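Quick caveat: nothing in here was measured; it's all calculated off a predicted structure. Residue numbers start at 1 and run along the sequence shown.
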Amino acid sequence: MNVLIIGKNGQVAWELQQTCPSHITAHALGRNEIDITDPQSIEQAITQLKPTVIINASAYTAVDKAESEQAEAYLINATAVEYLAQAASKHRIRLLHISTDFVFDGTKNTPYKVDDQTNPINVYGASKLAGELAIKIYCPANSAIVRTSWVYSSHGNNFVKTMLRLMAEKDELNVVSDQIGCPTNANGLAKYLWQLTEQANLEPLYHYSDLGVASWYDFAVAILDIALEQGILAKKIVIHPTPSSGYPTPAMRPFFGLLAAMEGSRKHWITSLKQTLSLFGDK
């Protein structure tokens, strides 16, 4: 099996490269090697690499910036996905695409199912939903969209690494406590995507996150406690739970983004966090 990973240095793309099964040949292409906003560039990569599967692990993910960079967000999250879907359909290539809990408005109080009504409340979520719709239109067969939430890794930029840096620098932090979801380790997500590359039949939509539920405040407290246990941080700091109203941002966030994830070999988010933080010992 020959797999083209769109993305190279992002945290999911990086974990896909680390977890690639030995019987699969993976080619990870970054923005210097493929321009997914150019159909010709996509065509050249397919002609050269002849993939049987494409995993799109690239996205415009700057949620607040997207409010002022709407054209850029839609170019990467919607138009480029349309081009990938058209190419995958033309060449009969399986397409796996990563989406987000932000396609929902967060007004539910039970986990979102794959067939629940979407209603994004910010540009990032709307652009990601537009990408989902492009796949449904241009590559409805042999494709799957995997929605996930609160992704982090030992690699790349994410909430865990930001918290560790701030906790080392400051004596106290304010962290939002009224947005609910579930942290997801990119390593587990990558392994799940590899399973889907070989699965005989695909559903059009999947939800994947780690097990459990948390607020950003809960997540931050767990990061602090585990980092102290593992000797990554030297001092305990005070973390204050803060309502979203006390931390205004350009983009609105859903208050509830818990996904009704599919069954599988998922771990509780605290277990995954402990395993990930153990990789920070030498950093």
Side-chain angles (χ1 to χ4, degrees), residues 1-7 12-13 15-16 19-21 24 26 51-59 77-78 80-106 108 110-120 125-151 181-182 184-213 254 256-267 269 272:
M1 183 180 287
N2 216 3
V3 177
L4 168 56
I5 300 169
I6 306 295
V12 177
E15 293 287 1
L16 282 165
T19 57
C20 180
I24 293 176
T52 48
V53 179
I54 294 173
I55 304 177
N56 183 26
S58 71
N77 291 344
V81 177
E82 178 181 321
Y83 295 154
L84 286 170
Q86 289 172 335
S89 179
K90 174 185 173 183
H91 294 279
R92 299 184 180 180
I93 298 167
R94 173 167 287 190
L95 176 62
L96 303 179
H97 174 71
I98 303 166
S99 193
T100 172
D101 60 312
F102 274 40
V103 298
F104 299 112
D105 59 18
K108 276 190 77 177
T110 56
Y112 279 99
K113 300 175 183 176
V114 293
D115 56 355
D116 277 338
Q117 181 64 48
T118 54
N119 185 34
S127 68
K128 291 294 288 182
L129 180 58
E132 291 189 8
L133 295 175
I135 290 174
K136 290 177 184 176
I137 292 168
Y138 295 103
C139 188
N142 203 27
S143 65
I145 296 158
V146 181
R147 294 179 183 142
T148 189
S149 63
W150 301 19
V151 177
C182 186
T184 302
N185 186 319
N187 183 274
L189 173 60
K191 290 174 180 174
Y192 182 71
L193 290 166
W194 284 123
Q195 289 175 27
L196 294 181
T197 63
E198 300 184 271
Q199 193 166 297
N201 298 303
L202 291 176
E203 296 294 330
L205 267 171
Y206 294 90
H207 284 176
Y208 181 92
S209 69
D210 283 334
L211 295 167
V213 59
F256 187 87
L258 199 62
L259 298 173
M262 308 297 183
E263 292 305 313
S265 55
R266 296 182 294 134
K267 299 173 183 173
W269 69 265
S272 292

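- Distance alone, capped at 3.5 Å, is enough to place a donor-acceptor pair between the Arg94 side chain and the Leu196 backbone.
- Closest approach of Ile93 and Pro51 over heavy atoms only: CG1-O, 3.5 Å.
- The CZ atom of Arg266 sits 5.5 Å away from atom OG of Ser209, with the distance rounded to the nearest 0.5 Å.
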Item checked: Full working for side chain to side chain contact (heavy atoms under 4.5 Å, CB included) between Ile145 and Val114 -> CA-CA 10 Å; Ile145 296 158; Val114 293; over 6 Å; no

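- Proximity of Phe102 to Pro120: side-chain heavy atoms (C-beta onward) are nowhere separated by under 4.5 Å.
- How far CD1 of Ile55 is from CD1 of Ile98: 7.5 Å, rounded to the nearest 0.5 Å.
- Closest approach of Ala85 and Cys139 over heavy atoms only: O-CB, 3.5 Å.
- Closest approach of Val81 to His97, counting heavy atoms only: CG2-CE1, 3.5 Å.
- Taking OG1 of Thr148 as the reference point, atom CG of Leu189 lies at 5.0 Å (rounded to 0.5 Å).
- Two residues are said to be in side-chain contact when any heavy atoms from C-beta on lie closer than 4.5 Å; Thr118 and Phe104 meet this criterion.
- In this structure, the side chain of Lys128 does not engage the main chain of Gly131 through any donor-acceptor pair within 3.5 Å.
- Of all heavy-atom pairs between Leu259 and Pro111, the closest is C-CB, 3.8 Å.
- Minimum heavy-atom separation, Cys182 to Gly212: SG-O, 3.4 Å.
- The main-chain N or O of Met1 is never found under 3.5 Å from a side-chain atom of Thr52 such that the two would form a donor-acceptor pair.
- Looking at every heavy atom in both residues, Val146 comes nearest to Tyr208 through CG1-CB, 3.9 Å.
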Next item on the list: Check the pair Lys267 / Asn185 against side chain to side chain contact (heavy atoms under 4.5 Å, CB included), numbers first and verdict last.
Entry: CA-CA 9 Å; Lys267 299 173 183 173; Asn185 186 319; over 6 Å; no

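- Rounded to the nearest 0.5 angstrom, Ile54 CD1 and Thr197 OG1 are separated by 13.0 Å.
- When atom types are taken as modelled, the side chain of Arg147 and the backbone of Leu205 share no donor-acceptor pair closer than 3.5 angstrom.
- Checked by atom type and distance alone, the side chain of Ser89 never pairs as donor or acceptor with a backbone atom of Gln86 at under 3.5 Å.
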Checklist line | Stepwise side chain to side chain donor-acceptor pair (under 3.5 Å) test for Asn77 and Ser127 | finding: CA-CA 6 Å; Asn77 291 344; Ser127 68; 3.0 Å; yes

Margin query: Is there a side chain to side chain contact (heavy atoms under 4.5 Å, CB included) between Ile24 and Val53? Walk through the geometry before answering.
Written below: CA-CA 10 Å; Ile24 293 176; Val53 179; over 6 Å; no

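- With rounding to the nearest 0.5 Å, the separation of OH in Tyr192 from CD in Gln199 is 7.0 Å.
- Between Phe256 and Tyr112, the ring-plane angle classifies as tilted under the 30° and 60° cut-offs.
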Notebook entry, point to check: Could you go step by step and tell me if Trp150 and Asp210 meet the side chain to side chain contact (heavy atoms under 4.5 Å, CB included) rule?
Noted result: CA-CA 10 Å; Trp150 301 19; Asp210 283 334; over 6 Å; no

